[in-house]
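Below: the structure, in structure tokens.
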Amino acid sequence: MANYLEMEDSSFRSKAYRKVAEVLETLQESVEDMKDLEKIPGVGKHIASKIEEYLKTGFIRDYEKLKKETPIKLEEIIAVEGMGVKKAKVLYDKLKIKNLKDLEKAAKKNKIAKLEGFGEKTEKNILEGIAFLERSSGRFLLGKITPVVEDILDKLSNLKEVEKISTAGSFRRRKETVGDVDILIVSKKPEEVMTFFVSLPDVVKVWGHGTTKSSVRIKEGVDVDLRVVPAKSYGSALQYFTGSKEHNIITRRIAIGKELKLNEYGVFRGAKMIAGKTEKEVYRAIGLDWIPPELRESELDFKKIPKIIELKDIKGDLHCHSKWNGGNDSIAVIAKKAMKMGYEYIGISDHTQFLKIEHGLNEKQLLKQKKEIDKINLKFKIENLKFRVLWGCEANILTDGSIDVSDKVLEQMDYVIAGVHSALKIDKEKMTQRIIMAMENPNVDIIAHPSGRILQQRDEYQFDFDKILETAKKTETILEINSSPARLDLKDSNIRKAKKAGVKMVIGTDAHQISQLDLMNFGVSQARRGWAEKEDIINTQPLSILLQSFK
DNA sequence: GCCGTTTTCGGCCCGACTGTTTTCAGTCG
């Protein structure tokens, strides 16, 4: 509705709707359960009645009316860079353009350039925008682009001309997918840095090359912007470019409340600049403590900024696969790497028999695996090494909620992870019941990747997370935050819910080769985005306490 | 359409860039 209202120039009405849309997306409670919708920030009498109408009938008459007046695939059209709702409206009125296909056709036939307010450039940009959309979804997995971005950062920070450097944007906020990458630097010799930047070996295309901003595309397909900012504005620029957009709106509003102005150049009282050099100073100037980028997603509804978990708090990884089920490395090699990472323990959790495609282990193989683990642990003991390999598995929760390994074997293991790997499309009720039944199994300690989503591939399966939390709390079952870049499951909002419900979590990498043990940082970021503190995550605990948290 | 430790009316984040304009609207982050 916000989009359609913006089209009609109802700009403040549109903003009111847009704000509510954003609030609803990050709402912790489900709207169905709320007694008083007007308690939701931004929701007044009118919008409340529309939400009620939607909950009751599945439609909003006013929205249907708006769509009928301008029957176009608006979302599709405004996804094209440079296209907004105003332009979409003009194109519909003048050329009857309803969707992306119409838009592309009209642009190719040079019909758009002739319109008043449009031109040759706009038409060309539309075609390029459409081509970009077709090439990629427009967003990239954080985990996929991180290595190459870090490489670029390393090379830049090694230059003596670079005084300060940081990433910004969603990359710095550690969002699971990133649209483009922003890097900010302070430098007295921007020309030289920019020239170096645009000629890096990973660069496949240069969009712009200037002294304050250069843009390139790197071989992974993602665009990287490098900006040079003045040293005295570095903090405010970093704050501004890190976002999120919503966070910036909130911080600026706070500034206004204190008769200050906040922008990318600094914090100002009248014409006088009172802060800007560091982010800490900027937040302090508007009366806030520094906020970790992972918490800058939307509302600031914490009284005190939580002391969120850090990578160094992690004492071990409980989700890794060995050569036994087709992984790359032997248990001994995995243990060695884990030790090198400073861990106190590593849990081996190979797939079990149902999962043929992953060479799942049968009960006989599992018991044989235990002997190997015992041998390794004994060796560590003799060498007086304080390190332990734990014997676990990643068992399958079958369609009826049972586990594909017998309790007789499960109960001997140090811990058991269970996950849904099949029949993902069963209905909500059945899926919820299926997972609940698994949690009620006295041998199941951890639920792996609880929602089943694969980013950019498939949505989470239908299930009632609130009910899962209830049972997890009751049965003391731990929920996993899977670090695999395409999973990052639990997602941030569910981590917040779990924390609130007092349900413990574990961060696991799901590594199939030792290099993937380093994916832990992505799981930790995800936990941070969900406000998780050290105490919420069991693999921050030393071995003795960890073992107590298993059933 | 929503909101109020100055307000029930008069505001609503801010600046840059682009392409089209000749003073600005639309889009973006």
Side-chain angles (χ1 to χ4, degrees), chain A residues 1-23 37-51 60 62-63 66 74 77-91 112-126 128-129 132 138-139 168-173 175 178-182 184 207-208 210 212-213 215 223 225 227 229 233 236-268 282 286 296-298:
Chain A
M1 285 193 80
N3 281 338
Y4 283 104
L5 292 168
E6 194 179 333
M7 215 179 251
E8 297 178 342
D9 243 2
S10 306
S11 119
F12 289 115
R13 215 147 68 94
S14 162
K15 280 205 175 93
Y17 277 86
R18 199 176 300 282
K19 190 196 163 188
V20 172
E22 278 154 9
V23 169
L37 292 171
E38 288 185 48
K39 285 237 166 69
I40 303 171
V43 175
K45 211 171 67 186
H46 287 88
I47 295 186
S49 81
K50 293 201 166 64
I51 296 174
I60 297 172
D62 284 351
Y63 178 50
L66 287 166
L74 193 54
I77 293 170
I78 62 176
V80 178
E81 180 111 23
M83 285 295 297
V85 292
K86 294 275 174 64
K87 282 184 182 163
K89 175 82 159 79
V90 174
L91 292 178
I112 291 173
K114 296 192 186 87
L115 296 176
E116 200 186 328
F118 292 77
E120 293 288 334
K121 271 270 179 64
T122 310
E123 193 170 76
K124 195 170 144 257
N125 285 342
I126 287 174
E128 276 176 11
F132 179 75
R139 294 191 75 82
S170 50
F171 186 88
R172 184 168 179 237
R173 299 198 312 277
K175 225 174 138 72
V178 173
D180 58 16
V181 178
D182 300 297
L184 296 193
W207 301 113
T212 57
K213 184 188 169 192
S215 305
D223 290 342
D225 290 349
R227 292 166 199 276
V229 299
S233 297
S236 38
L238 196 52
Q239 197 276 335
Y240 167 76
F241 283 110
T242 298
S244 66
K245 191 170 180 290
E246 291 71 27
H247 180 78
N248 287 354
I249 291 172
I250 290 163
T251 48
R252 281 171 179 169
R253 208 175 276 145
I254 291 170
I256 292 169
K258 297 190 155 43
E259 295 191 341
L260 299 169
K261 188 171 73 169
L262 169 62
N263 59 29
E264 57 264 53
Y265 303 107
V267 183
F268 298 87
V282 168
I286 60 169
R296 300 185 199 170
E297 225 38 75
S298 55

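By convention in this document, chain letters (A, B, ...) are assigned in the order of the sequence lines, proteins followed by strands, and residues within each chain are numbered from 1. Computed from heavy atoms alone, side chains included, the values below leave out hydrogens, waters and symmetry copies. Note that this is a predicted model, so its numbers are computed, not measured.
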- Item | Test item: A/Ser244 side-chain N/O and A/Arg296 main-chain N/O as donor-acceptor pair under 3.5 Å |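 Yes, A/Ser244 side chain to A/Arg296 backbone: donor-acceptor pair under 3.5 Å.
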- Message: Using only atom types and a distance under 3.5 Å, with no angle test, would you say the side chain of A/Glu123 pairs donor to acceptor with the backbone of A/Ala113?
- Response: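 Yes; at least one donor-acceptor contact below 3.5 Å.
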If we take the [atom1] atom in both [N] and [M], what is their distance in whole Å?
N      : M      : atom1 : result
B/dC12 : B/dT7  : C1'   : 14 Å
B/dT20 : B/dG15 : P     : 26 Å
B/dT18 : B/dG11 : P     : 33 Å
B/dT27 : B/dC13 : C1'   : 16 Å
B/dT22 : B/dA16 : P     : 23 Å
B/dT6  : B/dC2  : P     : 24 Å
B/dT21 : B/dG26 : P     : 13 Å
B/dC3  : B/dT8  : C1'   : 9 Å

- Message: Please check if the number of heavy atoms outside A/Glu120 that lie under 6.0 Å from its CD is greater than 12.
- Response: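 12 or below, so no.
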- Item | Closest-nucleotide 5' rank along DNA chain B - winner of A/Phe12 and A/Val20 |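 Result: A/Val20.
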- Closer to the 5' end of DNA chain B via nearest nucleotide, is it A/Glu123 or A/Glu6?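 With A/Glu123 and A/Glu6 compared, the 5'-side residue is A/Glu123.
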Kindly write out the residues that satisfy salt bridge (Lys or Arg N to Asp or Glu O under 4.0 Å) with [X], not counting sequence neighbours, or none if the list is empty.
X        : value
A/Arg172 : A/Glu279
A/Lys89  : A/Asp93
A/Glu297 : A/Arg173, A/Arg529
A/Lys175 : none

Hey, does [X] reach any base, or is it just sugar-phosphate, or nothing, if we go heavy atoms under 4.0 Å?
X        : value
A/Val23  : nothing
A/Asp182 : nothing
A/Lys45  : sugar-phosphate
A/Asn248 : nothing
A/Lys245 : base
A/Ile249 : base
A/Val43  : sugar-phosphate
A/Leu5   : nothing

- Item | First-last contacting nucleotides on DNA chain B - partner chain A, under 4.0 angstrom, heavy atom |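 Nucleotide range with atoms under 4.0 Å of chain A: B/dG1 to B/dG29.
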- Message: Show every salt bridge (charged side-chain N to carboxylate O under 4.0 Å, His left out) that has at least one partner inside residues 39-48 of chain A, sequence neighbours left out.
- Response: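 Found A/Asp36-A/Lys39.
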- Message: Let's see if you get this right: which residues in residues 236-243 of chain A place a heavy atom under 4.0 Å from DNA chain B?
- Response: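 Within residues 236-243 of chain A, the residues near DNA chain B are A/Tyr240.
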- Query: Should B/dT8 form a Watson-Crick or G-U wobble pair with both distances under 3.5 Å, which nucleotide is its partner?
  - Reply: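 WC or wobble partner does not exist here.
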Side-chain atoms of residues 250-257 of chain A: list all donor-acceptor pairs with protein atoms under 3.5 Å, sequence neighbours left out, distances to 0.1 Å.
unit_1, atom_1, unit_2, atom_2, d
A/Thr251, OG1, A/His247, O, 3.1
A/Thr251, OG1, A/Asn248, O, 3.0
A/Arg252, NE, A/Leu262, O, 3.3

- Query: For A/Ser233, what residues pass the side chain to side chain donor-acceptor pair (under 3.5 Å) criterion, not counting sequence neighbours?
  - Reply: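 If we apply the side chain to side chain donor-acceptor pair (under 3.5 Å) test to A/Ser233, skipping adjacent residues, there are no hits.
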